[in-house]
Structure formats: structure tokens, C-alpha cells
Amino acid sequence: MENIIIKSQAGTFSGFCENKINNFYGIPYASSCADSNRWNAPKRLQANHIHTESVRGPSAYQTIVNKSFMFDPTLPVESEDCLSLNIAFPKEASNLPVMIWIHGGAYLTGSANGALYQMETLASKGGVLVAINYRLGPLGFLKLDEVTNGLIPSTGNEGLLDQRMAIQWVKENIESFGGNPDNITIFGESAGGHNVFSLVASKRAEGLFHKVIVQSGIMSASSIEVTESYLPETGIASTTSGLEVFNHILLANNKANNLEEAREIQNTMESQEIKTLFYEQTPEVLMQSSSDARPKRSGMTRVFPDGHVILKGGIEESFTNGALSRVPIITGTNKDENKFFNSMNRDFVKWGPSSGLYSTVGIDEMPLEIIDLDYYEAINFYGSSFWKQRAVDSPAKQLVESGHSETFAYRFDWDELSTVNGMDLSKLIGAAH
């Protein structure tokens with residue numbers, strides 16, 4: 001393994017070469033977003049930064065930490081100081097295409113640093129691969145400006161602003177790592193795909209990238225009105241409320257005995273008191289309070305159409321407004337998207353103690369039997385088709401109708417999985433999310 005030093009516009013960085021691939025890990029692209037910088041937009045680092053270690057930086061704090069299919073046990077330590085990126089590129093690279101990977105995980109979990117994503121594999125095909133970390137959960141996507149009367153400036157899009165700054169860092173520095181700053185593709189899967197579409201719908205990211213690939217993404221945005229309101233009695237809402245998160249913080253700090261009392265207390269507090277208590281919380285308390293405040297039927301967290309970071313018309317406006325600046329786009333889904341989620345639903349699949357493959361990766365339970373195969377196939381066909389309609393068919397149609405001819409679509413099929421302990425994984429999972 002050969003040690004490498006590279007100097008770029010941002011500073012000096014240490015990496016290593018292994019199997020003819022240069023690797024640079026844990027490069028900070030912005031200042032720490034901890035302490036007084038919590039909920040602020042990311043800030044540029046001073047020039048001439050020196051990064052002497054090539055180790056994977058901390059991951060963002062994770063909201064989901066149970067050993068489910070979404071958990072990567074290889075993740076490094078979690079920290080609010082998580083704004084870093086990793087780069088892999090062939091030895092002797094020069095002017096190669098650049099691809100920036102934005103990880104998924106429902107805005108709750110995931111990282112550029114785990115073993116799930118092998119940048120070196122794509123880099124070996126002749127490109128420069130970059131994977132980025134960004135703030136997750138209530139630290140990156142919780143709208144608190146109205147809740148605190150502007151004392152906390154968070155618009156709920158801070159995690160997306162992290163990504164924008166990472167892309168800007170890449171554009172300014174990637175030439176020193178063998179990449180072409182005028183040939184940058186951003187791509188991501190699931191929440192990462194949603195982020196990619198969100199960056200397309202962000203005027204603040206215009207000109208920073210030249211192509212996009214959206215894998216199994218979704219298009220809708222969060223409701224600003226809902227996040228600035230208390231939950232209705234039904235508990236059903238589309239977006240997590242900042243007010244309700246604070247109610248659960250009051251409970252966690254023993255300042256209220258129940259949610260009704262917490263609401264009464266919050267309504268009497270000064271904005272400065274609310275801000276102070278928000279900043280006093282550990283990331284763990286914030287993550288748990290946000291999880292506890294999650295409304296019924298809310299789905300995945302999404303960006304907010306504030307008219308500043310995201311177009312007021314949300315992501316959808318970028319499909320229909322032909323006057324906007326656009327780049328070539330590929331969007332697609334998998335044939336069996338919903339099987340990823342429905343395989344864990346005990347109404348559809350019988351589960352029991354793990355063995356074999358599942359036990360070796362630390363999963364306590366494993367699927368044993370699909371209860372009603374015909375029903376399971378039908379409900380997954382319907383759900384996956386609806387996903388495809390929302391993520392591919394409708395936006396692609398709107399893009400083409402508004403004059404964007406460089407629009408391409410795909411569907412990924414795969415049913416070559418084996419049978420494990422009597423469970424046919426091609427039926428259970430197939431080409432899942």
C-alpha cells in the first residue's frame with residue numbers, strides 16, 4: 001500500500017493507493033456543524049486545510065439503530081461533526097468523469113462510510129467516485145425557524161445544503177484528484193434519489209453538476225404548514241412537527257408529565273427558552289424525541305419548498321417549468337420495490353429465530369414463510385407499480401412535455417436469488433428496494 005499526498009485549492013490531503021486505486025477518506029468539506037453551528041447552514045472551511053489522516057470520518061447521527069435491513073453494522077462512530085467525503089479514483093487519473101454518491105436511508109440512517117457502498121468498484125471502471133456524508137434526522141431536516149420565532153434559523157433543508165456544499169467542494173477541488181470539474185454526475189438511491197431530485201429543484205445548486213441519476217427516488221416535498229402546527233387528534237399528518245418534537249423534549253427532560261401538559265407549557269415559554277432547551281439536548285435525545293413525535297402515516301421525511309433552498313412549487317415544479325436550467329436525467333425503479341418493506345411485515349411473512357446467513361450478519365430473526373403467496377405478489381405488484389408511476393412515469397412524462405428531451409427511464413429486474421433455509425428469496429425479495 002502506497003501513501004499519497006495531494007494538494008488542492010482547499011489544502012493538503014493524505015491518502016493511499018491499493019490495487020491501483022487511490023483512496024482518500026474523511027476529507028472535511030465544511031466546518032463542524034456541532035455546538036453553536038447546530039441547525040445552521042454549513043460553513044466553508046478556511047483555505048489551506050491540512051488533512052493528514054486517511055481514515056473514514058464519523059457518520060451522521062442515526063435515528064434508526066436497531067439491526068434491521070436498513071442498518072449497516074460497519075458504520076464508524078456517530079458525530080455532529082460529520083461533514084466529510086471520501087474519494088476513490090484510478091492511479092494516474094486525469095480529467096476523468098466524476099460521480100458523487102448521495103446515500104439513502106430515509107433521512108434517518110445511512111452513511112458514506114460503511115461497507116454497503118464500494119466506491120473502488122466503480123472507480124476501477126475509469127471514473128472518480130465521491131461519497132458524501134450529510135446531517136440526518138432532526139439535525140438536518142427539522143424546520144425550527146417558526147417554532148423559535150427565528151432564533152433557530154433552520155428551514156428544514158440543512159442536510160440538503162450540506163450536500164450542495166459538498167458538491168461545490170468537489171467542483172472546486174476534484175481536478176487535483178484526477179477528475180473533470182465540468183463533467184460531474186450526482187446520483188443516489190431512495191432518500192438519496194430524493195436528494196438528487198431536490199438538488200435539481202434548488203436554484204442554489206444550479207451549475208454545480210451536469211447530469212443526474214435518480215434510483216428509486218420519490219418526488220414530493222414536506223408540508224411547511226404541517227410542520228409548524230401541532231398534530232391533530234387523529235395523530236395523522238404528512239410531516240413531523242417541530243412543535244411536537246419539542247413536546248417530547250419536555251417529556252424527556254421531566255418538564256411535563258404528558259403531551260397535553262407539554263403543549264400547555266410550550267405555549268407559555270419564551271422563544272429564547274425554547275431555543276436554549278433545544279441546544280441543551282444531546283443528539284440522542286433529539287433523535288429519540290423526533291422518532292417519538294413521528295406522526296401516523298407520515299412516510300419518509302422530505303425537503304421543504306421554502307422558495308429559498310427549494311422551489312416554492314417543490315420538486316414537481318422542476319418537472320413542469322421549462323424555463324428552469326436543466327441537465328440530462330436518468331430515473332428508474334426496481335421491479336419489486338415494495339418487497340423490501342413488506343418482507344418485514346408480520347401480516348404477510350412469518351418470522352422466527354435466525355440461522356444461517358441471517359445470523360452471521362447479526363440479525364436476530366429471519367423470514368420463515370410467506371403466509372399467502374398470491375396475496376403477497378399482488379400487493380407488491382400494486383405498490384411497486386405505484387412507486388414506478390410516482391418516481392418515473394409521471395415526472396418523465398412531465399419533463400418531456402415541458403421540453404426536456406434528455407430524459408431517460410429504466411426498470412431494474414432481478415430474480416436470481418437463492419433459497420435459504422427453505423425460503424425462496426427470489427419470491428420474498430426479488431428486485432426489491
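Positions are given from 1, in the same order as the sequence printed here. This is a predicted model, so every value here is computed, not measured.
- Judged by distance alone, the side chains of Asn133 and Ser59 never bring a donor and an acceptor atom under 3.5 Å apart.
- Lys203 is linked by a salt bridge (charged side-chain N to carboxylate O under 4.0 Å, His left out) to Glu206, counting only residues two or more places apart in sequence or in another chain.
- By the 6.0 Å contact criterion, OH on Tyr382 is open, its count of non-hydrogen atoms from other residues, nucleotides or ligands being 12 or less.
- Residues Gly179 and Pro181 come closest through the heavy atom pair O-CD, 3.4 Å.
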> Given Ser8 and Ser176, is the side chain to side chain donor-acceptor pair (under 3.5 Å) satisfied, shown in steps?
Replying inline: CA-CA 6 Å; Ser8 76; Ser176 299; 4.8 Å; no
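- Thr109 and Gln62 are linked by a side-chain donor-acceptor pair at a separation below 3.5 angstrom, with hydrogens and angles left out of the test.
- The aromatic rings of Phe13 and Trp169 stand perpendicular to each other, their planes meeting at an angle above 60°, with 30° marking the opposite boundary.
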> Does the side chain to side chain donor-acceptor pair (under 3.5 Å) test come out yes or no for Asn37 and Ser32, once each step is laid out?
Replying inline: CA-CA 7 Å; Asn37 286 331; Ser32 172; 5.6 Å; no
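- With respect to the salt-bridge test (charged N to carboxylate O, under 4.0 angstrom), the residues Arg294 and Asp292 do not qualify.
- When every heavy atom of Ile152 is checked against every heavy atom of Lys275, the shortest pair comes out as CG1-CG, 3.7 Å.
- Side-chain atoms of Phe89 and Ile21, non-hydrogen and from C-beta on, never get closer than 4.5 Å to each other.
- Between the CE atom of Met119 and the CG atom of Leu85 there is a distance of 9.0 Å, given to the nearest 0.5 Å.
- By the 4.0 Å N-to-carboxylate-O rule, Lys388 lies too far from Glu337 to be salt-bridged with it.
- For the pair Phe197/Phe319, a side-chain contact is recorded, criterion being any heavy-atom separation below 4.5 Å from C-beta on.
- Shown here for Ala41 and Leu161, the closest heavy-atom pair between the two residues is CB-CD1, 3.9 Å.
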> Do Asp393 and Gln389 pass the side chain to side chain donor-acceptor pair (under 3.5 Å) test, and can you show the C-alpha distance, the side-chain angles, and the key distance before you say yes or no?
Replying inline: CA-CA 5 Å; Asp393 299 344; Gln389 183 269 322; over 6 Å; no
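- Using modelled atom types and a 3.5 Å distance limit, the side chains of Glu284 and Gln288 yield no donor-acceptor pair.
- Using a 4.5 Å cut-off on side-chain heavy atoms (C-beta onward), Ile4 and Ser14 make no contact.
- A salt bridge does not link Glu317 with Lys312: none of the charged nitrogens is closer than 4.0 Å to a carboxylate oxygen.
- Atom CG of Asp162 and atom CG of Leu160 lie 8.5 Å apart (nearest 0.5 Å).
- Between Glu377 and Lys339 a salt bridge is recorded (basic side-chain N to carboxylate O distance below 4.0 Å).
- Here CD of Glu158 is found 12.5 Å from CE of Met165. Values are rounded to the nearest 0.5 Å.
- A 4.5 Å side-chain heavy-atom check between Glu228 and Asp145 finds at least one atom pair inside the cut-off.
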>> Working note: Ser289 + Gln281, criterion side chain to side chain donor-acceptor pair (under 3.5 Å); need CA distance, chi angles, decisive distance, verdict.
In response: CA-CA 10 Å; Ser289 297; Gln281 305 312 301; over 6 Å; no
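- Nearest heavy-atom pair, Gly314 versus Ala201, reported as atom, atom and distance to 0.1 Å: O-CB, 4.1 Å.
- Both cation-pi conditions hold for Arg263 and Tyr230: the charged atom is under 6.0 angstrom from the six-membered ring centre and inside a 45 degree cone around its axis.
- Scanning both residues, Ile310 and Asp306, for their nearest heavy atoms gives N-OD1, 3.0 Å.
- Between Val128 and Ile174 the shortest side-chain heavy-atom distance falls below 4.5 Å.
- For the pair Ile330 and Val214, the minimum side-chain heavy-atom distance is 4.5 Å or more.
- Contact annotation: the side chain of Ile132 approaches that of Ile102 to within less than 4.5 Å [non-hydrogen atoms, C-beta and beyond].
- When the shell of 6.0 Å around CG of Asn149 is examined, it contains 12 or fewer heavy atoms from other residues, nucleotides or ligands.
- Shown here is Lys335, whose NZ atom has more than 12 heavy atoms of other residues, nucleotides or ligands within 6.0 Å.
- Atom-to-atom distance recorded for Leu250:CG and Gln266:CD is 6.5 Å, nearest 0.5 angstrom.
- Under a cut-off of 6.0 angstrom, the local environment of CG in Asn267 is crowded, with over 12 non-hydrogen atoms contributed by other residues, nucleotides or ligands.
- Proximity of Leu139 to Tyr61: side-chain heavy atoms (C-beta onward) are separated by under 4.5 Å at one or more points.
- Between the side chains of Asp81 and Ser79, no donor N or O sits under 3.5 Å from an acceptor N or O.
- With respect to Asn195, the side-chain hydrogen bond (donor to acceptor under 3.5 Å, both in side chains) criterion is satisfied by exactly one of Arg302, Gln163, His103: Gln163.
- Residue Phe381 places its CZ atom among 12 or fewer non-hydrogen atoms of other residues, nucleotides or ligands, all under 6.0 Å distant.
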>> Walk me through whether Trp101 and Val130 qualify under side-chain contact (heavy atoms from CB on, under 4.5 Å).
In response: CA-CA 6 Å; Trp101 173 251; Val130 182; over 6 Å; no
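- Taking all atoms of both residues into account, the shortest heavy-atom contact from Ser343 to Leu428 is CB-CD1, 3.7 Å.
- Interatomic distance, Phe209 CZ to Leu199 CG, rounded to the nearest 0.5 Å: 5.5 Å.
- The OG1 atom of Thr155 sits 10.0 Å away from the CZ atom of Phe141 when rounded to the nearest 0.5 Å.
- The aromatic rings of His433 and Trp387 sit tilted relative to each other, their planes meeting at an angle between 30° and 60°.
- Other residues, nucleotides and ligands place no more than 12 heavy atoms under 6.0 Å from the OH atom of Tyr375.
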